[in-house]
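Notes follow the structure.
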Amino acid sequence: QVQLVESGGGLVQAGGSLSVSCAASGLTFSTYTMGWFRQAPGKEREFVAGVSWSDGKSYYADSAKGRFTISRDNAKKMVYLQMNSLKPEDTAVYYCAAGARYSNYEVRISSEYNYWGQGTQVTVSS
């Protein structure tokens, strides 16, 4: 079955950096759009970043633009999120997601993703 397993979360001070990773198995990874979402306590899950299956083009939520970088390694079936200049408001559980197979558009809506990881906690202290 499909599994997405996140790792790399933790506690970091404001202004610091953190990288989270997601290992995928059980799917033809290279044909799926991959995305990162996050959910803070009491808030809805929100899109953070996505990367296309075909050309590796990345796209971001306004809150992540210029600070976060998403990348993928199809050979390793991995997707990464490098987060710099972290702020306390970035504190959330971060989820990896796979979906919109063979899509040719930016996939920003959670319902378009078929598979989800269990999440990893990122906490940014002020």
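Positions are given from 1 along the sequence.
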To check you understand the geometry: which heavy-atom pair defines the closest contact between [X] and [Y], and what is its length?
{"X": "Ala92", "Y": "Ala40", "result": "CB-N, 3.8 Å"}
{"X": "Ser58", "Y": "Ile70", "result": "CB-CG2, 3.5 Å"}
{"X": "Ser19", "Y": "Gln82", "result": "CB-OE1, 3.4 Å"}
{"X": "Leu4", "Y": "Ala24", "result": "CD2-CB, 3.5 Å"}
{"X": "Tyr115", "Y": "Leu27", "result": "CD1-CD1, 4.4 Å"}

- request: Specify whether Tyr59 and Phe47 have parallel, tilted or perpendicular ring planes, treating 30° as the upper limit for parallel and 60° as the lower limit for perpendicular.
  value: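 Ring orientation of Tyr59 relative to Phe47: parallel.
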What about [X] and [Y], same hydrophobic cluster or not, with Ile/Leu/Val/Met/Phe/Trp/Tyr joined at side-chain heavy-atom distances under 4.5 Å?
{"X": "Phe68", "Y": "Val93", "value": "no"}
{"X": "Trp116", "Y": "Met34", "value": "no"}
{"X": "Met78", "Y": "Val5", "value": "no"}
{"X": "Val124", "Y": "Val48", "value": "yes"}
{"X": "Val51", "Y": "Trp53", "value": "no"}

field: Sole residue of Glu46, Glu6, Glu44 in salt bridge (Lys or Arg N to Asp or Glu O under 4.0 Å) with Arg38
entry: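 The salt bridge (Lys or Arg N to Asp or Glu O under 4.0 Å) with Arg38 is passed solely by Glu46 among Glu46, Glu6, Glu44.
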I'd like to know if the side chain of [X] pairs up with that of [Y] as donor and acceptor (distance under 3.5 Å, no hydrogens or angles considered).
{"X": "Tyr105", "Y": "Glu112", "value": "yes"}
{"X": "Thr91", "Y": "Glu89", "value": "no"}
{"X": "Thr31", "Y": "Arg101", "value": "yes"}

When rounded to the nearest 0.5 angstrom, what is the spacing between [atom1] in [X] and [atom2] in [Y]?
{"X": "Ser17", "Y": "Asn84", "atom1": "OG", "atom2": "CG", "answer": "3.5 Å"}
{"X": "Thr33", "Y": "Tyr102", "atom1": "OG1", "atom2": "OH", "answer": "11.5 Å"}
{"X": "Ser30", "Y": "Asp73", "atom1": "OG", "atom2": "CG", "answer": "11.5 Å"}
{"X": "Gln1", "Y": "Ser25", "atom1": "CD", "atom2": "OG", "answer": "7.5 Å"}
{"X": "Gln3", "Y": "Lys77", "atom1": "CD", "atom2": "NZ", "answer": "12.0 Å"}

Side chains of [X] and [Y]: does their closest heavy-atom pair fall under 4.5 Å?
{"X": "Leu18", "Y": "Leu86", "value": "yes"}
{"X": "Leu81", "Y": "Thr69", "value": "no"}
{"X": "Arg67", "Y": "Asp90", "value": "yes"}
{"X": "Val79", "Y": "Ser21", "value": "no"}
{"X": "Ser7", "Y": "Val20", "value": "no"}

Electrostatic pair Lys65-Asp62, nearest N-O below 4.0 angstrom: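 Salt bridge: yes.
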query: Any donor and acceptor pair, going by atom type alone, linking the side chain of Ser52 with main-chain N or O of Lys57 inside 3.5 Å?
result: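 Yes, the answer is positive, given that a donor and an acceptor are paired below the 3.5 Å cut-off.
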Test log, rule ring pair (Phe, Tyr, Trp, His ring centres under 6.0 Å), inputs Tyr113 and Phe37: CA-CA 10 Å; Tyr113 287 86; Phe37 287 74; 5.2 Å; yes
- request: Give the intermediate values and the outcome of ring pair (Phe, Tyr, Trp, His ring centres under 6.0 Å) for residues Tyr94 and Trp36.
  value: CA-CA 7 Å; Tyr94 282 71; Trp36 285 97; 7.2 Å; no
message: Could you check whether Arg72 makes a cation-pi contact with Phe29, meaning its NZ or CZ is under 6.0 Å from the centre of the six-membered ring and within 45° of the ring axis?
response: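 Pair Arg72/Phe29 counts as cation-pi.
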task: Please confirm whether Arg45 makes a cation-pi placement over Tyr95, using NZ or CZ under 6.0 Å from the six-membered ring centre and within 45° of the ring normal.
output: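 Pair Arg45/Tyr95 counts as cation-pi.
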- request: Please lay out, stage by stage, how Asn104 and Ser54 fare under the test side-chain contact (heavy atoms from CB on, under 4.5 Å).
  value: CA-CA 8 Å; Asn104 58 2; Ser54 55; over 6 Å; no
